[in-house]
Number of protein chains: 2
Amino acid sequence: MAAKTTSATPAQRPLTRTEKVHRALRLAILEQRLTPGARLPEDMIGEAFGSSRTIAREALGRLAAEGLVELLPNRGAFVANPTLEEGRGIFAVRAALERAMVRQLAGRIDAEVARTLHEMIEEEGRLAAKSDAEAIRLAGEFHLYLAGLTGNPLLERYLTEVVSRCSLVMAMYGRPHSADCGAREHREIVEAMLAGDFARAGDLMEHHVEEVAARAQLGARVDCDVRAVLADFAAQMPKE
Amino acid sequence: MAAKTTSATPAQRPLTRTEKVHRALRLAILEQRLTPGARLPEDMIGEAFGSSRTIAREALGRLAAEGLVELLPNRGAFVANPTLEEGRGIFAVRAALERAMVRQLAGRIDAEVARTLHEMIEEEGRLAAKSDAEAIRLAGEFHLYLAGLTGNPLLERYLTEVVSRCSLVMAMYGRPHSADCGAREHREIVEAMLAGDFARAGDLMEHHVEEVAARAQLGARVDCDVRAVLADFAAQMPKE
DNA sequence: TCTGTCAAGATCGTATGCACTATTGCCGGG
DNA sequence: CCCGGCAATAGTGCATACGATCTTGACAGA
């Protein structure tokens with residue numbers, strides 16, 4: 001009952017243009033090719049992809065729903081530029097969701113899935129030292145695979161979203177090589193799940209996510225909320 | 001730090017048409033005036049609201065992102081028709097999020113907010129016996145108010161979504177008067193939060209949500225997965 | 001020099017039209 | 001009577017056009 005993988009190649013319909021643009025932009029943002037705060041005019045996007053504004057607009061709308069771009073009415077779209085505070089909030093939500101996920105999964109992992117999990121963990125270890133972007137992506141994959149196992153579409157959707165946004169936050173505020181998820185921690189979690197110890201598995205995962213957040217954000221650079229900065233400087237100014 | 005209410009009337013810009021239609025449809029779905037599974041052609045919606053398909057299309061897109069409508073490529077939009085299984089999944093996610101929410105809030109509720117909370121709980125008790133739709137809406141309000149207190153935009157967004165969808169699920173599968181949230185349980189949760197007992201508050205809330213789900217879904221009517229039903233009937237048919 | 005006004009440009013909000021896809025009912029052949 | 005193909009229809013996918021709104025830079029007045 002917990003062995004169904006998430007994608008069984010569902011029809012492979014030829015992808016609407018909107019979706020193509022959506023995916024492309026999503027990737028560009030997650031790989032930091034489009035840096036946080038960057039302006040994304042509909043015209044420019046349409047032109048870049050050889051489509052009309054209609055497409056660009058719809059893609060931007062979806063990205064906004066995922067929290068990867070911010071959509072200001074009559075102003076335009078910008079790559080999401082989460083504050084450190086928001087970043088912490090995102091990690092908090094992620095921790096809550098992942099705890100519930102592994103609790104639900106504990107004791108329902110069959111042998112084949114267990115093998116896949118162990119393989120993924122090994123792969124992580126191997127690639128941890130390579131490119132930073134790759135490491136971030138790979139780390140997310142383990143978590144998303146687990147999400148797929150739950151068979152809970154909403155949980156899966158939310159996790160996809162928060163994992164994406166966590167990647168973004170880590171890329172923004174994280175120290176260079178802080179993205180790796182720690183193969184040892186993953187292993188422990190899988191152990192607990194296999195043992196059917198849902199309480200322990202949940203606690204481990206919750207702690208794991210919090211730990212990743214803590215590791216990454218040690219080197220947090222001050223975020224550029226212009227208003228706040230100005231307020232600070234205004235307060236420091238010589239009076240009168 | 002936890003006393004900021006969620007909406008400080010942020011500019012009140014005159015609401016784009018898309019948003020108006022979006023809200024209207026949302027309400028119609030949550031009040032069950034548009035029943036699950038109902039077809040929602042863009043033309044019809046545009047005509048109904050005196051707008052063009054563009055508006056209808058965008059509103060439907062947003063509703064799809066919230067999970068209130070299902071969008072089938074080249075087929076059209078339908079009011080979401082969650083299976084009982086999906087309903088349980090939604091409640092599971094909700095339980096996880098609400099647990100995290102009250103844990104975070106515990107010990108950070110000031111006197112004024114506490115009074116507001118107690119007022120809301122009383123109001124619930126008063127209105128529980130009245131209209132069913134009202135009861136569902138009111139029950140959600142308590143939870144959403146708490147979400148606003150966290151100051152975590154993502155948590156707030158997700159909770160808004162799951163509360164909506166839970167309402168839908170309860171309306172579909174719940175017994176007539178099962179929607180009330182139980183003022184006593186709410187009171188206990190607030191007590192625990194005021195006492196700063198975050199572990200107890202979290203557990204109470206998690207249990208509370210699960211309890212609501214259990215109460216509501218006792219009378220669960222079989223969900224209409226056409227394929228499955230047909231398979232059943234096909235198997236029961238006289239052979240040859 | 002500073003400030004308020006205004007016009008030009010950029011960009012979004014919305015409407016409309018055409019092309020394409022999926023569904024449905026019809027019809028002829030078995 | 002049943003089945004497969006075909007045409008009509010409904011409805012979406014996408015492009016384009018126009019009006020509305022916001023931003024920006026220039027300019028005149030204090």
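Order of the sequence lines fixes the chain letters, A, B, ..., with proteins taken first and strands second; residue numbering starts at 1 for each chain.
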Query raised in the report: Listed in order of residue number, which residues of residues 36-59 of chain A have a non-hydrogen atom at under 4.0 Å from DNA chain D?
Result: A/Ser51, A/Ser52, A/Arg53, A/Thr54, A/Ile55
Query raised in the report: What is the distance, rounded to the nearest whole Å, between atom CG of B/Leu72 and atom C1' of C/dT21?
Result: 14 Å
Report summary line: Here the distance between atom C1' of D/dT12 and atom CZ of A/Arg17, to the nearest Å, is 14 Å
Report task. Mind checking ring-ring contact (aromatic ring centres under 6.0 Å, His included) for B/Phe142 and listing every partner two or more places apart, or none if nothing turns up? Result -> B/His186
**Report entry** C/dG13 phosphate, OP1 or OP2, under 4.0 Å from B/Thr18 side-chain N/O
**Finding:** no
Query raised in the report: Rounding to a whole Å, what distance do you find between B/Glu70:CD and D/dT12:P?
Result: 15 Å
Report summary line: Sequence neighbours excluded, the answer for side-chain contact (heavy atoms from CB on, under 4.5 Å) partners of B/Ala65 is A/Ala65
Report task. Send over the distance from A/Asn74 CG to C/dT11 P, rounded to a whole Å. Result -> 13 Å
Query - A/Glu98 side chain vs A/Ala95 backbone, donor-acceptor pair below 3.5 Å - result: no
Query raised in the report: Closest approach of A/Tyr173 and A/Pro82, non-hydrogen atoms and distance?
Result: OH-O, 2.6 Å
Requested in this report: May I ask you to verify if any side-chain N or O of B/Arg75 is less than 4.0 angstrom from the OP1 or OP2 atom of D/dG11?
Outcome: no
Requested in this report: Take the protein atom CG of B/Leu60 and the nucleotide atom C1' of D/dG13, then report the distance between them rounded to whole Å.
Outcome: 14 Å
**Report entry** Charged N-O contact under 4.0 Å between B/Arg62 and B/Glu58
**Finding:** yes
Query - Beyond-backbone contact of B/Leu168 with B/Gln32, side-chain heavy atoms, under 4.5 angstrom - result: yes
